[in-house]
Chemist: 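The following block contains the structure, expressed as structure tokens.
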Amino acid sequence: MPSATELAAAVRAGTTTAAELVERHLAAIDAREGEIHAFNHVLTEAARERAARIDEQAARGDDPGPLAGITVALKDNMCTRGVPTTCSSRILEGWRPPYDATVVRTLHAAGAVVVGKTNLDEFAMGSSTENSAFGPTRNPHDTSRVPGGSSGGSAAAVAAGFAHFGLGSDTGGSIRQPAALCGVVGVKPTYGYVSRYGLIAFASSLDQIGPFTTSVHDAALVLDVIGGHDPLDSTSIPREHPRLVDSVGQGVEGLRIGRITDLPAGADPDVEARLEAAFDALTAQGATVVDVQVPAFTFGLTAYYLIAPAEASSNLARYDGVRYGLRVDAPDTNSMYSATREAGFGEEVKRRIMLGTYALSAGYYDAYYGKALKVRRLIHDDFERAYAHADVLLTPTSPSVAFPFGAKGDNPLAMYLCDTYTIPTNLAGHAGMTVPFGTGAEGLPVGVQVLAGTLREPTMFRVAAALERAMEGGGR
Ligand code: GLN
């Protein structure tokens with residue numbers, strides 16, 4: 001399949017049309033969306049109109065942009081003006097944002113076409129998309145299994161060929177884990193790399209937007225478009241980022257690839273085997289493997305499940321039936337608040353709000369939230385020490401391949417453990433991405449995770465591209 005880069009070039013040159021690309025994807029959606037349920041809304045007419053406008057631009061001799069005619073499946077927690085944005089929650093049902101998220105504006109300006117808003121675990125809380133209020137998404141590789149989460153809809157949409165690329169948000173692994181389970185590339189950039197303006201907040205100090213693509217080069221292309229400073233997001237990094245597409249072909253000769261010797265155990269043998277194959281593939285291309293330690297890595301999950309719920313309990317306080325979406329009427333204001341929240345939030349969201357409220361409450365703040373912040377600092381510092389010896393670190397992305405529906409449904413802890421290897425990077429604010437690297441049990445996709453320090457995306461992409469090349473060259 002031609003890459004998004006090639007297709008956009010063809011639209012810009014007039015050798016193909018945006019309309020043709022969009023129709024191809026709308027047809028793919030038509031054929032298989034009933035089975036997959038990647039989308040909360042498919043934007044058929046809006047996509048057609050936008051494609052027509054791009055083709056007019058190209059015909060006039062104007063440049064429609066680096067993503068001309070390229071289709072995108074947008075996670076339904078990013079605001080789209082006038083288009084329902086639900087976070088897969090009943091509490092936002094019917095709400096239409098009055099503005100576009102910065103990433104949406106940037107993508108439109110670059111010529112991309114949004115084909116739909118994708119399903120997610122409610123408010124991005126989960127690892128399987130089973131927590132959506134609108135029913136789960138199915139994994140295109142095996143529809144009896146989950147696509148991962150929380151951005152399962154975007155991952156599945158890209159894996160099923162519904163769009164050239166997807167956008168997701170990653171607070172503790174929600175881009176990387178579903179990308180791994182669906183066999184696509186997924187990137188969680190450095191915190192602050194991409195604007196969060198218009199991304200509905202889950203845990204603001206951890207949330208970051210990133211792409212799902214079928215190739216490392218396409219991921220670089222998308223990040224080159226959406227990355228950069230945004231005055232509307234006070235945590236966005238105020239500097240220009242180097243073009244990542246220039247890094248992709250640079251090779252890994254001389255790079256130091258870190259193996260974390262004290263990584264928490266728990267990955268399945270098939271996943272471990274692919275990680276070993278990844279180390280070998282990079283060595284064969286001229287990189288050196290070095291042993292490093294990140295002792296506090298193992299505490300990531302515990303710290304995250306205090307910090308993320310604490311922030312969520314504050315962020316989700318705004319859904320009270322007054323300004324957004326659902327309102328359940330009651331005789332007085334307080335009962336209206338509780339009736340609305342009782343009806344509007346699902347079980348996992350309520351669990352997080354309770355956890356977070358408890359961790360922040362007077363008398364427990366220091367013991368839980370305060371202590372978790374100290375652990376967060378240790379994790380960051382341990383990573384920094386490791387990055388003094390290694391350019392990137394390699395770990396499994398997910399401990400297992402895609403699991404069957406219901407496998408972890410009634411055990412929140414089992415679900416939380418899906419993010420053991422992804423969460424510490426969010427706490428550190430560093431970069432991470434997953435690359436499909438062959439298959440494991442039942443022939444299902446396995447991803448390898450490449451981690452890098454703050455703004456070390458160029459190096460991370462070099463390594464990811466080398467892994468991709470190894471797979472193209474025969475998988476070993
Ligand atoms: N699965 C993790 C959670 O449930 C991470 C989610 C995410 O990154 N949004 O919180």
Side-chain angles (χ1 to χ4, degrees), residues 75-78 87-89 118-132 136-137 146-155 166-182 186-189 191 194 196 199-212 266 300-313 315-316 345-356 359 372 376 397-400 402-403 407-409 411-434 447 449 451:
K75 189 176 184 179
D76 201 17
N77 62 352
M78 298 178 208
C87 285
S88 289
S89 180
T118 61
N119 196 16
L120 62 147
D121 285 299
E122 185 177 4
F123 282 102
M125 297 171 184
S127 304
S128 67
T129 321
E130 291 169 294
N131 293 338
S132 165
T137 296
V146 304
S150 64
S151 317
S154 288
L167 283 194
S169 60
D170 190 311
T171 305
S174 277
I175 293 172
R176 291 162 286 163
Q177 186 259 10
L181 270 46
C182 289
V187 190
K188 199 291 284 184
Y191 184 77
V194 177
R196 290 184 297 110
L199 168 68
I200 296 178
F202 162 11
S204 314
S205 78
L206 301 160
D207 301 339
Q208 194 49 202
I209 292 174
F212 292 90
L301 200 75
T302 322
Y304 173 89
Y305 277 99
L306 291 163
I307 293 169
E311 294 186 24
S313 71
N315 277 326
L316 271 55
F345 286 137
E347 201 180 316
E348 183 62 24
V349 173
K350 286 175 183 158
R351 182 180 294 122
R352 304 285 177 109
I353 293 173
M354 285 189 283
L355 266 172
R376 181 177 192 172
T397 306
S398 156
S400 74
F403 44 91
K408 301 175 200 272
N411 183 351
L413 183 60
M415 194 68 87
Y416 297 172
L417 284 165
C418 293
D419 299 304
T420 302
Y421 301 119
T422 48
I423 277 175
T425 301
N426 298 76
L427 289 167
H430 292 154
M433 70 189 283
T434 183
Q449 183 175 227
L451 301 176

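Atoms within each ligand, like the ligands themselves, are counted from 1 in listed order. Numbers here are sequence positions counted from 1.
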Chemist: If we only consider heavy atoms of Met415, is any one of them less than 4.0 Å away from an atom in ligand 1?
Modeler: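 It does not, in that no heavy atom of Met415 comes within the 4.0 Å cut-off of ligand 1.
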Chemist: Main chain of Ala124, side chain of Asp121: is a donor-acceptor contact present, judged purely on distance under 3.5 Å?
Modeler: no
Chemist: How does Phe123 reach ligand 1, by side chain, by backbone, by both or by neither, if only non-hydrogen atoms under 4.0 Å count?
Modeler: neither
Chemist: Output the distance between atom OG (Ser169) and atom CZ (Phe202), rounded to the nearest 0.5 Å.
Modeler: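 Here the interatomic distance stands at 9.0 Å.
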Chemist: What's the shortest distance from atom 3 (C) of ligand 1 to any protein heavy atom, and which residue and atom give it?
Modeler: Tyr305 OH, 3.3 Å
Chemist: Indicate yes or no for a side-chain donor-acceptor contact from Arg352 to the backbone of Ala312 under 3.5 Å, with no hydrogens or angles considered.
Modeler: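 Looks like no, no N/O pair under 3.5 Å.
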Chemist: I'd like to know if Glu347 and Lys350 make a salt bridge, using a cut-off of under 4.0 Å between side-chain N and carboxylate O.
Modeler: no
Chemist: Output yes when the distance from some N or O of ligand 1 to some N or O of Ser169 is under 3.5 Å, and no in every other case.
Modeler: no
Chemist: Would you say Gly173 and ligand 1 have an N/O pair spaced under 3.5 Å apart?
Modeler: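 Yes - when backbone and side-chain N and O of Gly173 are compared with those of ligand 1, one distance drops under 3.5 Å.
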Chemist: Should Tyr304 be listed as contacting ligand 1, given a heavy-atom distance under 4.0 Å as the test?
Modeler: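 The answer is yes: ligand 1 sits under 4.0 Å from a heavy atom of Tyr304.
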Chemist: If you define the side chain from C-beta out and look only at heavy atoms, does anything of Ser174 sit under 4.5 Å from Ser151?
Modeler: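 Yes. Closest side-chain heavy atoms under 4.5 Å.
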Chemist: Ligand 1 and Gly149, any nitrogen or oxygen pair closer than 3.5 angstrom?
Modeler: no
Chemist: List the atom of Cys418, the atom of Pro399, and the distance in Å for their closest heavy-atom pair.
Modeler: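 The pair with the smallest heavy-atom distance is O-CD, 3.4 Å.
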Chemist: Can you tell me if Ser127 has a non-hydrogen atom under 4.0 Å from ligand 1?
Modeler: yes
Chemist: Is the contact between Phe202 and ligand 1 made by the side chain, the backbone, both, or neither, using heavy atoms and a 4.0 Å cut-off?
Modeler: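 The part of Phe202 near ligand 1 is the side chain, not the backbone.
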Chemist: Restricting to side-chain contact (heavy atoms from CB on, under 4.5 Å), what partner residues turn up for Thr302, sequence neighbours left out?
Modeler: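 Thr302: no side-chain contact (heavy atoms from CB on, under 4.5 Å) contacts found.
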Chemist: May I ask you to identify the nearest protein heavy atom to atom 7 (C) of ligand 1, giving residue, atom name and distance to one decimal place in Å?
Modeler: Ser174 OG, 2.4 Å
Chemist: For Ser150, take its heavy atoms, then give the atoms of ligand 1 lying under 4.0 Å from any of them.
Modeler: 9 (N)
Chemist: Could you list the atoms of ligand 1 found under 4.0 angstrom from a heavy atom of Met125?
Modeler: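 Numbered from 1, ligand 1 contributes 4 (O).
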Chemist: Evaluate Gly126 for polar contact with ligand 1, using N/O atom pairs at a separation under 3.5 Å.
Modeler: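 Indeed, backbone or side chain, Gly126 has an N or O that close.
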Chemist: Applying a 4.0 Å heavy-atom criterion (strictly less than), which segment of Asp419 is in contact with ligand 1: side chain, backbone, both, or neither?
Modeler: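 The part of Asp419 near ligand 1 is the side chain, not the backbone.
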Chemist: Quick one: does ligand 1 sit under 4.0 Å from the side chain of Lys75, the backbone, both or neither, non-hydrogen atoms only?
Modeler: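 It is neither; nothing of Lys75 touches ligand 1.
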Chemist: Does Ser154 reach the main-chain N or O of Leu167 with its side chain, forming a donor-acceptor pair under 3.5 Å?
Modeler: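 Indeed, once roles are kept as given, a pair shorter than 3.5 Å links the two residues.
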Chemist: Of all residues at least two apart in sequence or in a different chain, which pass the side chain to side chain donor-acceptor pair (under 3.5 Å) check with Thr434?
Modeler: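 Applying side chain to side chain donor-acceptor pair (under 3.5 Å) to Thr434 gives Thr397.
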Chemist: With side chains defined as the heavy atoms from C-beta onward, is the minimum distance between Phe345 and Glu122 less than 4.5 Å?
Modeler: yes
Chemist: Suppose I only count heavy atoms of Ala124 and a 4.0 Å limit; which atoms of ligand 1 are within that range?
Modeler: 6 (C), 7 (C), 9 (N)
